[in-house]
There are 2 protein chains.
Amino acid sequence: MLNSGLGVKDIVDNPKSIFYLLNQEEKDELQHHISLAHYRRNEFIFKEGDKPTGFLLLVDGKVKIFKEGVGGREQIVRMAKPLGVIGYRALFSDEIHNSSAVTLEESLVCTVSPEFIYTRALKNSDFSFKIIRKLSKELGFSNSRTVTLTQKHIRGRLAESLLLLKEKYGFEHDGTTLKVYISREDIANLSNMTTSNAIRTLSTFANEKMIAIDGRKIKILDANRLERVSKLG
Amino acid sequence: MLNSGLGVKDIVDNPKSIFYLLNQEEKDELQHHISLAHYRRNEFIFKEGDKPTGFLLLVDGKVKIFKEGVGGREQIVRMAKPLGVIGYRALFSDEIHNSSAVTLEESLVCTVSPEFIYTRALKNSDFSFKIIRKLSKELGFSNSRTVTLTQKHIRGRLAESLLLLKEKYGFEHDGTTLKVYISREDIANLSNMTTSNAIRTLSTFANEKMIAIDGRKIKILDANRLERVSKLG
DNA sequence: CACTTTGTATGTTTTAAAGCATCAAAGTTA
DNA sequence: TAACTTTGATGCTTTAAAACATACAAAGTG
């Protein structure tokens with residue numbers, strides 16, 4: 001169960017939050033333009049084709065952002081973690097969402113009204129610049145993914161995805177188990193391969209002692225070797 | 001030969017230029033922070049790994065922006081046309097370039113100093129917002145490309161690339177010939193396929209009367225059918 | 001509780017696209 | 001203009017990954 005005691009204060013006072021850099025006056029006003037929503041596991045936050053309702057900040061939980069491709073096959077373009085921003089690309093480009101967001105686990109999302117973002121936040125050049133920086137990094141990531149997903153072989157793509165999950169969500173207290181509960185299908189959709197091939201290749205990695213699998217629990221046993229497999233393609 | 005008479009005036013006074021929306025004072029100051037460079041065909045403007053030297057605007061010519069992938073295989077991530085902005089992603093994310101830019105033809109590029117961009121342009125919220133919008137659109141494009149390049153079959157990918165070239169550069173006076181002189185290898189690198197397959201599939205499209213080829217001149221004979229081939233994957 | 005659905009695991013077959021080889025045409029340089 | 005290099009065109013072979021087929025376990029559902 002989530003800590004439902006989380007409130008707006010905790011969001012604006014956390015240095016990792018994008019709203020942290022607003023000045024006090026702006027923060028005060030933000031209170032009137034913000035709302036919190038709770039989602040269970042596997043719920044849509046927004047769907048491809050929806051009109052953006054605001055600027056979304058994932059307060060707690062984990063979310064996958066994906067696009068539907070040929071024959072409904074989905075490609076995960078990004079994973080979000082707490083205090084990550086979601087759905088802002090469509091808002092800023094004034095388009096409908098071209099990707100969907102679904103929770104991987106119980107999550108808390110706060111929505112900030114477009115009015116506040118446009119008339120207040122974006123007038124603050126620190127905020128604007130932070131957004132520019134975020135978009136630039138994400139664009140760099142997306143371009144890199146395009147290349148690796150098209151050019152690397154299955155093993156390389158899967159290794160890269162596992163390392164990506166490690167970077168994004170880190171480990172449990174044991175220091176080896178990935179701190180994310182994700183289906184084989186989602187691993188496949190993250191790595192541009194079929195579910196069968198994700199399962200098969202995970203098994204191979206486990207046989208080779210690079211990882212250990214116990215249901216959905218994945219332990220990274222040899223990150224260096226995964227790096228090498230990822231680099232080799 | 002390029003019209004070398006092009007100057008800073010022509011850049012700031014063109015409504016399609018991002019600098020058009022600066023106020024007069026900012027425009028005046030811009031003059032002292034701008035320089036023009038001329039490139040011949042197939043010259044590098046910047047290379048993957050280079051440190052960004054400034055904010056670049058393609059004044060005239062055509063440029064491909066690409067990343068090196070597995071085994072040196074290149075993937076074109078974007079094509080630029082006059083008054084398009086290049087190399088700004090790396091500048092704003094404060095990273096080294098993660099892609100290279102090479103001219104497809106004789107080109108003119110203007111460089112604006114990072115100081116002017118940071119201390120002046122980005123303080124103008126109209127400019128910042130234009131950049132945010134540009135990045136957002138490009139990110140949407142990149143995410144879409146990831147999906148189509150990984151999921152569509154060869155015919156779909158090539159059809160999409162031809163339509164992309166059409167959208168970007170348009171037609172010659174005859175209304176059918178693509179206004180870009182591009183090698184089969186570049187078409188392949190744009191479409192995530194080998195040069196052989198690009199050549200082969202172009203021939204097939206020509207046999208099917210969707211296009212006509214005469215050396216590097218490509219005529220789009222049936223754009224609707226190309227759209228259909230592109231959509232079907 | 002049985003019953004259906006969903007997720008995981010593997011083996012087998014098929015296929016799209018890469019890889020390779022060869023040749024012709026067009027450009028470039030000596 | 002001859003020699004060389006690059007680019008374009010096509011056929012043939014190989015291969016990586018999809019597609020398909022079961023089987024079985026786990027998790028929901030009536």
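Treat the numbers as computed from the prediction; the structure is a model and nothing was measured. Chain A is the first sequence line, chain B the second, and so forth, proteins listed ahead of strands; every chain is numbered from 1.
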Practice problem: Can you tell me which residue pairs pass the ring pair (Phe, Tyr, Trp, His ring centres under 6.0 Å) test with a partner in residues 55-75 of chain B, sequence neighbours excluded? | Solution: B:Phe19-B:Phe55
Practice problem: Sequence neighbours left out, what passes side-chain contact (heavy atoms from CB on, under 4.5 Å) with A:Glu208? Give chain and number order. | Solution: A:Arg155, A:Thr204, A:Phe205, A:Met210, A:Arg225
Quiz item: Please give, in whole Å, the distance from C:dA17 C1' to B:Gln151 CD?
Solution: 17 Å
Quiz prompt | Residue list, side-chain contact (heavy atoms from CB on, under 4.5 Å) with A:Lys16, at least two apart or on another chain | solution = A:Asn14, A:Leu83
Exercise. Tell me, please, whether A:Tyr169 has A:Lys81 positioned over its six-membered ring: NZ or CZ under 6.0 Å from the ring centre and within 45 degrees of its axis?
Key: no
Exercise. For DNA chain D, determine which residues of residues 208-218 of chain A have any heavy atom closer than 4.0 angstrom to one of its atoms, and list them numerically.
Key: none
Quiz item: Between the side chains of A:Asn189 and A:Arg184, does any donor sit under 3.5 Å from an acceptor?
Solution: no
Exercise. Report the residues that fulfil side-chain hydrogen bond (donor to acceptor under 3.5 Å, both in side chains) with B:Ser35, sequence neighbours left out, ordered by chain and then residue number.
Key: none
Quiz item: Under 3.5 Å, is there a donor-acceptor pair linking the side chains of A:Thr146 and A:Asn143?
Solution: no
Quiz item: What is the bend of the helix from C:dC1-D:dG30 to C:dA30-D:dT1 when you compare the axis at one end with the axis at the other, using five pairs each and rounding to 10°?
Solution: 40°
Self-check item: A:Arg200: partners by side-chain hydrogen bond (donor to acceptor under 3.5 Å, both in side chains), with sequence neighbours left out
Solution: A:Asn197
Practice problem: With sequence neighbours excluded, tell me which residues meet side-chain contact (heavy atoms from CB on, under 4.5 Å) with A:Asn207. | Solution: none
Exercise. Could you pull out all residues at least two apart from A:Thr148 that satisfy side-chain contact (heavy atoms from CB on, under 4.5 Å)?
Key: A:Arg145, A:Lys152, A:Glu160
Quiz item: D:dA16 C1' sits how many Å from A:Leu158 CG, rounded?
Solution: 15 Å
Quiz item: Would you say D:dT10 has OP1 or OP2 under 4.0 Å from some side-chain N or O of B:Ser203?
Solution: yes
Quiz item: Got a sec, which pairs hit ring pair (Phe, Tyr, Trp, His ring centres under 6.0 Å) with one end in residues 87-106 of chain A, sequence neighbours left out?
Solution: A:Phe46-A:His97
Practice problem: Of all the heavy-atom pairs spanning B:Ile76 and B:Lys64, show the shortest one and how long it is. | Solution: CD1-CD, 4.0 Å
What's touching nucleotides 18-25 of chain D from the protein side, N or O pairs under 3.5 Å?
from	atom 1	to	atom 2	distance (Å)
D:dA18	OP2	A:Asn197	ND2	2.4

Using nucleotides 27-30 of chain D, report all nitrogen or oxygen pairs with the protein that are shorter than 3.5 Å.
none

